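A short worksheet on the structure shown next.
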Number of protein chains: 2
Amino acid sequence: MLRAAIALADERGVEALTMRRLATELGVEAMSLYHYVAKKDDVLDGVVDVLASEINDAVAEIDVPTAGAAWQSAARQRILTARQVMLRHPWAPRVFATRTVMSPATILYHDRLVGLMRDGGFSYDLAHRAMHALGSRSLGFTQEMFDPGGSMPAEADPEVLLGDFATMVPNLVGMLVDAQAHVDPESRLGWCDDQAEFEFGLDLILDGLERLVSR
Amino acid sequence: MLRAAIALADERGVEALTMRRLATELGVEAMSLYHYVAKKDDVLDGVVDVLASEINDAVAEIDVPTAGAAWQSAARQRILTARQVMLRHPWAPRVFATRTVMSPATILYHDRLVGLMRDGGFSYDLAHRAMHALGSRSLGFTQEMFDPGGSMPAEADPEVLLGDFATMVPNLVGMLVDAQAHVDPESRLGWCDDQAEFEFGLDLILDGLERLVSR
DNA sequence: ACCTGAACACCGTTCAAGT
DNA sequence: ACCTGAACACCGTTCAAGT
């Protein structure tokens, strides 16, 4: 059932993931699903858990040292592996964002990540702060507010377009022109968020943490 | 109308923000709203824009130097000001997360933030990467995956609870025990995300950027 | 234990009609 | 230009009933 839900979201988007449609996809009447779950939220919780399990499985295959300074590249590899799983389900970040309780598999994932940092010499307190600093990045995605290569100029409000765009937002326009080089329409997760940008932000945080732990 | 929508979400939650309810709140029939907007998404886009304008207004009052190394504290102050606005509307992050096009006011906000970094000596390329690294943090909120002080142990799955919790996730349990000190039930935005944690992550990124720009 | 059909309360949205 | 009423297609969910 959860597998079917994920397949449905993959093929036709999250908004197509409805109890009625999921039921017909399973060759069953809509209300039969309520024998296995109490409410739709349970399905979404389950979907998140399956995805997190997929990540845990992928991450479990990684066998690298974690002690001392090695924690950093180990964490990096783990998070980028998680990201690969998430990239296969571009709708997943939005579902993760709506969950209020953390799924068992997600808890497990973060426990291991904290463990890895402990191996690297982190105090519990620093590991705690590190988790907050990473936020959703620990699972391989970010919530972007800003899409410089994307739809910005095209969809801008008339008010902004009537006044000269370049005068209203000169810095963004300058950046757009300058950034023309590395626009990559592939491999985005949510907004503009290609692999290089993700890794830049991730490394910024990991480097900062390493500096703190080795001081 | 947008003001009414925000008030409604503030008082009764985003899920209560429905076209029909918004209409009755305005003392009008539900379908009258469709003379001002084409679809509900337009309302949400508008709500986001009003919030971003509120942030722009608040930020405009800040008058601090931005040249050279001063960029960092100026950016910090701006982002924490944005956060104060967001904290008044705890449902807002989720709405921001669902928008696919960036509102004019949000564009403006980011343009000024890029401008500030330019004052600080950033290349367009570094400013671009900085925006990605910050992600939604630039507007004062984060997408947290992890709630150590919150509902985690209480809501854990039977499977995890039956096996000894401390054996399943020893690192999180250790962290929870250790972290008992700084649990703050107030001032959370979304998941567990208090002011100190937000500032820690923010400074980690800003410090990393400063190091890059001053190398 | 598992599934169904009919029904309820609620959505967003269309459309033809009113002033 | 602005508002309305009735209606449509679609939700999630309840409930009593079937096997």
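Since this is a predicted model, take the numbers as computed values, not measurements. Residue numbering restarts at 1 for every chain, and letters A, B, ... go by the order of the sequence lines.
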Integer-rounded Å distance: dC11(C) C1' and Glu15(A) CD: 16 Å
Any side-chain heavy-atom pair of Leu172(A) and Phe165(A) under 4.5 Å: no
Taking for Leu33(B) and for Arg20(A) the nucleotide of DNA chain D with the nearest heavy atom, the one nearer the 5' end belongs to Leu33(B)
Quick check on dC11(C): is either OP1 or OP2 less than 4.0 Å from any side-chain nitrogen or oxygen of Arg21(B)? yes
Got a second to check how far Asp45(B)'s CG is from Thr100(B)'s OG1, nearest 0.5 Å? 7.0 Å
Distance in angstrom units between Leu26(A) CG and dC3(C) C1', rounded: 13 Å
Could you tell me whether the side chain of Leu33(A) reaches within less than 4.5 Å of the side chain of Leu26(A), counting heavy atoms only? yes
Tell me whether the side-chain N/O atoms of Tyr34(A) come closer than 4.0 Å to OP1 or OP2 in dT4(C). no
Rounded to the nearest Å, what distance is computed from the CE atom of residue Met31(A) to the P atom of nucleotide dA6(C)? 12 Å
Under 3.5 Å for both donor-acceptor distances, Watson-Crick or wobble: does dA16(D) have a partner, and if so which one? dT4(C)
Side chain of His35(A) - closest among dC2(C), dC3(D), dA7(C): dC2(C)
With side chains defined as the heavy atoms from C-beta onward, is the minimum distance between Asp42(B) and Tyr34(B) less than 4.5 Å? no
Looking across every strand, which nucleic acid part, if any, lies under 4.0 Å from Met19(B) by heavy atom: base, sugar-phosphate, or nothing? sugar-phosphate
For dA9(D), which nucleotide in any strand shown is its Watson-Crick or wobble partner with both distances under 3.5 Å? none
Glu29(A) side-chain proximity, nearest of dG12(D), dG12(C), dG5(C): dG5(C)
Given atom CG of Asp41(B) and atom C1' of dT13(C), what is their separation to the nearest angstrom? 13 Å
Answer yes or no: does a side-chain N or O of Thr18(A) lie under 4.0 Å from OP1 or OP2 of dC10(D)? no
So, does Ser32(A) get its side chain near the phosphate of dC2(C), meaning an N or O under 4.0 Å from OP1 or OP2? no
Give, for atom CG of Leu139(B) and atom NE2 of His110(B), the distance between the pair rounded to the nearest 0.5 Å. 4.5 Å
Starting at CG of Leu44(B) and ending at C1' of dG12(C), how long is that distance when rounded to a whole Å? 12 Å
